Amino acid sequence: MPDLCELRNEPMSATYDLIVIGTGTAAMTAVSRCRAAGWKIAVIDERVFGGTCVLRGCDPKKVLVGAAEAVDLPHRLLGKGISRETAIDWGQLAAFKRTFTDPVPASRERRLADDGIDAFHGRARFRGPTTIAVDDVALDGRHILIAAGAAPVELGIDGEDLLTTSDDFLELERLPRRIALVGGGYIAFELAHIARRAGAEVTVLERSDRTLAPFDPDLAGWLVEKSRELGIDVRTETAVEAIERNDDSFALTTVHRNVEARVETNLVVHAAGRKPALDALDLAAGGVDVSDGRIELNEFLQSRSNPAVYAAGDAAEAGPPLTPVANRDGRVVASNLLGGQRTPVDYSGVPSVVFTLPPLAAVGLGEREARDCDFDVRISCQRTPDWYSSRRVNEAAAGFKILADGASGRLLGAHLLGPGADELINVFALAIRGGLTTNDLMDTFFAYPTSASNISDMLPSI
Ligand SMILES: Cc1cc2nc3c(=O)[nH]c(=O)nc-3n(C[C@H](O)[C@H](O)[C@H](O)COP(=O)(O)OP(=O)(O)OC[C@H]3O[C@@H](n4cnc5c(N)ncnc54)[C@H](O)[C@@H]3O)c2cc1C
């Protein structure tokens, strides 16, 4: 086994078939395919190797969600066959989470070394159209893949440096008594639900008039209702204007409809959005054009201005910033690099889930989008607290909105809230991606009693 330190910043040669910036999902997917084709590859990362999903995103977060579930279900079934509440031991949970994240960087480095890929630690930036500098080392590549992920947007508020990020939240060894989340997107709600189940007082501060903006407004509203019932203080039309430190706490100045207020808290988390992490790359030096903070790419994820350069995943932001998209982008880039038939990206039917308790999930078109597309939109929408699937686990926050095209019968979109929504959405994703009709779904046998066995009662009549 090579000493990992020996692999650092010691190029065997400075010329590569492919130089990859990043070691996350998009990068590794492209790297493994191009390496299998015999390409000489260098990868660069300024942080420990592994990327967001496994180290600072989906995976560690879902470990924490698992603990929240272990508290939530007994709480809901208290007096319904369950006699005791459970509680989260945050220290133990943090240690359990680390069993997933701690081994990742070394195992990723080992995998790269075993595959004969040169690994560089440091910040990458362009020094020419096909030259990348990592600190003092210059690397030349026939092709360059930007898979640098995303970073929190700057908020431009006083005391911005006092904000922590979701990275820090997922690393907490102790849970503060009070937590304020700036922003009301999916990450804010997920962290809020975890922290609340672990006993924290949580405030979500959203500048616009609605939270969870890309999700269906009706279902998002039902989730906000549920969040408030849990004691999460969700405030919309509330802009955070400044943050000040007071000993071991923070004071936030907020403005709601021109009225100023203060929120006292022990931790302030930036959950107000992320953007492609392009600032450090000096893309101008590489002749890579950017507009509105995004690399100008063609449908093959290739830079329009510098054909040697491709981008994938959150850095490309060609599709939604989600792991399955990063993975698909990596495959598309590899296939386009390796030649043969050129593969365009196609982001139809990408499901997205808010891993709250209960989860909110969506795939396909929203109601407004579907109407704007001139479909003969048929909708079936209902809250389902009385359905067996909700009552069985005593969860009243449940419902759905399903959209289909009356002319063709094809499913256009599915929006779900409730226990099992995070898994059920995949059935709808398959249906939408496969162009299935409501009749196809009616005709399918689903195991009973499962979340999918509700599908026949959810479909709009055509
Ligand atoms: C808290 C959180 C929860 C999430 N939960 C989910 C979820 O449940 N499901 C889901 O699908 N998605 C989720 N996501 C999104 C998902 O994690 C990302 O879409 C995905 O990881 C993006 O992968 P990527 O390969 O594009 O970039 P990343 O995995 O972010 O990798 C980019 C890498 O590039 C490196 N880098 C950046 N700039 C430079 C530079 N100049 N030089 C050298 N290295 C550089 C970074 O250090 C990083 O390691 C979540 C994200 C967050 C933050």
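Computed from a predicted structure; not experimentally measured. Both counts, for ligands and for their atoms, begin at 1 and track the order of listing.
- On a distance-only criterion, D314 and ligand 1 share at least one N/O pair closer than 3.5 Å.
- Atoms of ligand 1 found under 4.0 Å from any heavy atom of S166, numbered from 1 in the order shown, are 1 (C), 53 (C).
- Among the atoms of C53, some N or O lies under 3.5 angstrom from an N or O of ligand 1.
- Judged by the 6.0 Å and 45° rule, R142 forms a cation-pi pair with W39.
- Between the side chain of R108 and the main chain of G50, a donor-acceptor pair closer than 3.5 Å is present.
- When T165, I21, D45 are checked for heavy-atom proximity to atom 46 (C) of ligand 1, D45 turns out nearest.
- In this structure, of G319, P351, G51, A147, the residue bringing a heavy atom nearest to atom 32 (C) of ligand 1 is A147.
- Between the side chains of D168 and T165, at least one donor N or O lies within less than 3.5 Å of an accepting N or O.
- With G313, G57, A124 as candidates, the residue nearest to atom 41 (N) of ligand 1 on a non-hydrogen basis is A124.
- Here's the thing with T23: none of its N/O atoms is less than 3.5 angstrom from an N/O atom of ligand 1.
- Closest to atom 52 (C) of ligand 1, if we only count protein heavy atoms, is I187 CD1, 3.6 Å.
- Comparing heavy-atom distances from atom 27 (O) of ligand 1 across A30, A312, G149 singles out G149 as nearest.
- On a distance-only criterion, A26 and ligand 1 share at least one N/O pair closer than 3.5 Å.
- The residue among V269, T323, L55 with a heavy atom at the shortest distance from atom 20 (C) of ligand 1 is T323.
- For residues 305-317, the set of pairs meeting the salt bridge (charged side-chain N to carboxylate O under 4.0 Å, His left out) definition, not counting sequence neighbours, comprises R294-E317.
- When only non-hydrogen protein atoms are considered, atom 7 (C) of ligand 1 lies nearest to K61 NZ, 3.4 Å.
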